[in-house]
Amino acid sequence: MPIDNQQQQSPLVFDASVLSHQTQIPKEFIWPDEERPQPNLPELPVPLLDLNGFLARDAASADEAAKLVGEACEKHGIFLVVNHGVDAKLLEDACKYMDHFFELPLAVKQMAQRKAGENCGYASSFTGRFSSKLPWKETLSFRFSGVESEANIVQEYFKGKMGEDFEYIGRIYQDYCKAMSGLSLAIMELLGMSLGVGRAYFRDFFEENDSIMRLNYYPPCQKPDQTLGTGPHCDPTSLTILHQDQVSGLQVFADNEWRSVSPVADAFVVNIGDTFLALSNGRYKSCLHRAVVNSQRTRKSLAFFLSPKKDRVVRPPKQLVSPSMPRIYPDFTWPTLLEFTQKHYRSDMNTLDAFSSWVPGHHCCSKIFNN
Ligand SMILES: C=C1C[C@]23C[C@H]1CC[C@H]2[C@]1(C)CCC[C@@](C)(C(=O)O)[C@H]1[C@@H]3C(=O)O
Ligand SMILES: O=C(O)CCC(=O)C(=O)O
Ligand SMILES: [Fe+2]
């Protein structure tokens, strides 16, 4: 009987209820030494934007808020926002109802399985998408549209994928995304003011946004110092509004070292992404960040990724381009960059540069693999 020395490897599946009972973690989840998390990082003092006065239409508060946002975005591309007007019960429900989905059996979650090359759906890590440096997380991503005729797409998504029982939860995330979209547009007013292009410029650009909502679920890991929940990256999107739910884990690369950003109960973390870096012609930083896991508690985060609708051309306003400030990135549309991240390139800290050399004649370039 020939010995089958090709041990039949069953395909790797990230099922935390199975993996967390093993002494070791699969090698695909073990990151290179130089990328592993370090213990006891110093805290990053993140600027705090209080929106109370601005939302009350107080002019002095608006100018002060625009100044704080501008300085924060030039420095590290990140700030916190409080008194944001997002209903506390809605935020509490959005955090709580994540468990209703992620605690389902894997086979049931896979009813919403993300398909290859698509950004929506459920992913248990990215086994099958990447071959190494797998993140220790499960995610559920879905579209939000600011277009009135698509006001119910989140609720319809949950009902269509998970059945009638999930329509109620879909409504909660739809209301949550609507609140995120409103907050994003208020922040876009401040960004426009801070860049000297006026309050309406970016608000109009993102009014009918076509954004991505992502629920991040990080199960406890028995070897948290060997893996990452989310690898180092800049969000390729425009603006991210992130809520960390009680358990810390977000880290930002600032002043040449990784720093932790602790959860602040009623605050959102806001960070600039690659698309807004391009819109600002390099004036504002796309924040480099990652997420670590722990061995004791599940960590959850909710990330709203603001993105322009598909026909908007990403091009900096003319006030931000001059002979002393030449164009840095090519014109592009968000769907082209999104496709690049879903089919050709694993987003990291160099996505926009890799994309810029790919996009002009990408039909002729060989595939860029970096996973
Ligand atoms: C457009 C997106 C791609 C990712 C989700 C959103 C914005 C952030 C991106 C991501 C989180 C950056 C790190 C790598 C990634 C593969 C991940 O760990 O999830 C990225 C997302 C994705 O491509 O699915
Ligand atoms: O979970 C976090 O704190 C960060 C997640 C993140 O950066 C992302 O999903 O893009
Ligand atoms: Fe991110």
Side-chain angles (χ1 to χ4, degrees), residues 14 29 31 35 37 44 46 77-78 80 95 98 114-144 209-219 227-253 258 260-264 267-276 286-294 298-308 334-352 354-355 370-371:
F14 181 66
F29 289 88
W31 287 62
E35 295 191 71
L44 178 70
V46 181
I78 184 171
L80 294 181
C95 296
M98 284 179 68
R114 172 190 175 276
K115 295 181 177 57
E118 294 185 3
N119 68 89
C120 288
Y122 168 73
S124 59
S125 186
F126 290 116
T127 54
R129 178 179 176 191
F130 305 130
S131 52
S132 64
K133 303 202 291 187
L134 294 181
W136 193 270
K137 68 177 173 183
E138 298 173 62
T139 58
L140 179 64
S141 306
F142 43 91
R143 263 188 73 216
F144 169 81
N209 62 91
D210 190 341
S211 299
I212 299 168
M213 181 70 210
R214 172 169 280 194
L215 307 178
N216 290 306
Y217 195 82
Y218 302 96
T227 190
L228 287 173
T230 295
H233 69 281
C234 301
D235 294 335
T237 41
S238 294
L239 189 79
T240 304
I241 301 185
L242 179 89
H243 179 73
Q244 295 188 80
D245 184 36
Q246 297 170 21
V247 179
S248 63
L250 176 62
Q251 299 181 348
V252 169
F253 194 76
W258 286 103
S260 63
V261 175
S262 296
V264 175
F268 290 106
V269 177
V270 181
N271 66 265
I272 298 290
D274 288 342
T275 300
F276 201 86
S286 184
C287 178
L288 176 51
H289 57 285
R290 69 184 187 185
V292 298
V293 292
N294 70 82
T298 293
R299 179 172 179 266
K300 298 186 287 190
S301 71
L302 299 94
F304 178 83
F305 298 112
L306 181 75
S307 302
W334 164 241
T336 309
L337 177 52
L338 177 59
E339 180 190 356
F340 181 66
T341 68
Q342 300 306 298
K343 294 180 181 173
H344 307 293
Y345 190 88
R346 177 175 183 174
S347 301
D348 55 20
M349 66 288 287
N350 302 309
T351 311
L352 198 52
F355 173 69
N370 69 322
N371 63 355

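When a ligand or atom number is given, it counts from 1 through the structure's own listing order. Computed from a predicted model, the values in this text were never measured in an experiment.
No donor-acceptor pair closer than 3.5 Å links the side chain of Ser347 to the backbone N or O of His233. A distance-only check finds no donor-acceptor pair linking the side chain of Trp136 to the backbone of Tyr218 [under 3.5 Å].
Looking at Leu338 against ligand 1, only its side chain comes within 4.0 Å, counting heavy atoms. Contacts with ligand 1 closer than 4.0 Å are made by side-chain heavy atoms of Lys137 only, the backbone lying farther away.
Within the 4.5 Å cutoff, the side chain of Met98 has no heavy atoms near those of the Asn216 side chain.
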What do the steps show when you test Leu80 against Val269 for side-chain contact (heavy atoms from CB on, under 4.5 Å), and what is the final call?
CA-CA 5 Å; Leu80 294 181; Val269 177; 3.6 Å; yes
CA sep, side-chain torsions, deciding dist, call: Arg143, Asp210, side-chain contact (heavy atoms from CB on, under 4.5 Å):
CA-CA 7 Å; Arg143 263 188 73 216; Asp210 190 341; 2.8 Å; yes
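Residue contacts with ligand 1: Arg346 is excluded, as none of its non-hydrogen atoms falls under 4.0 Å. Under a 4.0 Å heavy-atom criterion, Asp235 is in contact with ligand 1.
Between Ser286 and the choices Thr237, Asp274, Thr275, the side chain to side chain donor-acceptor pair (under 3.5 Å) rule is met once, by Asp274. The side chain to side chain contact (heavy atoms under 4.5 Å, CB included) test with Arg290 is passed by exactly one of Thr230, Val252, Leu228: Leu228. Looking at Thr341, Asn271, Thr351 one by one, the single match for side chain to side chain donor-acceptor pair (under 3.5 Å) with Asp235 turns out to be Asn271.
At least one N or O atom of Arg129, backbone or side chain, sits closer than 3.5 Å to an N or O atom of ligand 1. Distances between N or O atoms of Thr230 and those of ligand 1 include no value under 3.5 Å.
Across Asn209 and Ser307, no two heavy atoms sit closer than the pair CB-O, 3.2 Å. When all heavy atoms of Met349 and Cys234 are compared, the pair lying nearest together is CA-SG, 4.1 Å. Here the closest non-hydrogen pair linking Glu138 and Ser124 is CG-CA, 4.2 Å. Of all non-hydrogen atoms in Arg114 and Gln342, the two that sit nearest each other are NH2-OE1, 3.2 Å. Heavy-atom minimum distance, Arg346 versus Pro135: NH2-CD, 4.0 Å. The two atoms that bring Lys133 and Trp31 nearest to each other are O-CZ2, 2.9 Å, heavy atoms only.
For atom 3 (C) of ligand 1, the nearest protein heavy atom (residue, atom name, distance) is Gln342 NE2, 3.7 Å. Regarding atom 9 (C) of ligand 1, its nearest protein heavy-atom neighbour is Pro236 CD, 4.0 Å. Among protein heavy atoms, atom 14 (C) of ligand 1 sits closest to Ser347 O, 3.8 Å. What sits closest to atom 11 (C) of ligand 1 on the protein, heavy atoms only, is Arg214 NH1, 3.7 Å. Closest to atom 13 (C) of ligand 1, if we only count protein heavy atoms, is His233 CG, 3.5 Å.
Remark: ligand 1 atoms within the under-4.0 Å shell around heavy atoms of Phe130 are 16 (C).
Aromatic ring orientation, Phe340 versus His344: tilted (interplanar angle from 30° to 60°).
Excluding waters, the set of protein N/O/S atoms under 2.8 Å from the Fe ion (ligand 3) reads His233 NE2, Asp235 OD1, His289 NE2.
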What are the distances between nitrogen or oxygen atoms of ligand 2 and protein nitrogen or oxygen atoms, counting only those under 3.5 Å?
unit_1: ligand 2; atom_1: 1 (O); unit_2: Tyr218; atom_2: OH; d: 2.6
unit_1: ligand 2; atom_1: 1 (O); unit_2: Arg299; atom_2: NH1; d: 3.1
unit_1: ligand 2; atom_1: 1 (O); unit_2: Ser301; atom_2: OG; d: 2.7
unit_1: ligand 2; atom_1: 3 (O); unit_2: Arg299; atom_2: NH1; d: 3.3
unit_1: ligand 2; atom_1: 3 (O); unit_2: Arg299; atom_2: NH2; d: 2.6
unit_1: ligand 2; atom_1: 7 (O); unit_2: His233; atom_2: NE2; d: 3.2
unit_1: ligand 2; atom_1: 7 (O); unit_2: His289; atom_2: NE2; d: 3.0
unit_1: ligand 2; atom_1: 9 (O); unit_2: Asn216; atom_2: ND2; d: 3.2
unit_1: ligand 2; atom_1: 10 (O); unit_2: His233; atom_2: NE2; d: 3.2
unit_1: ligand 2; atom_1: 10 (O); unit_2: Asp235; atom_2: OD1; d: 3.2

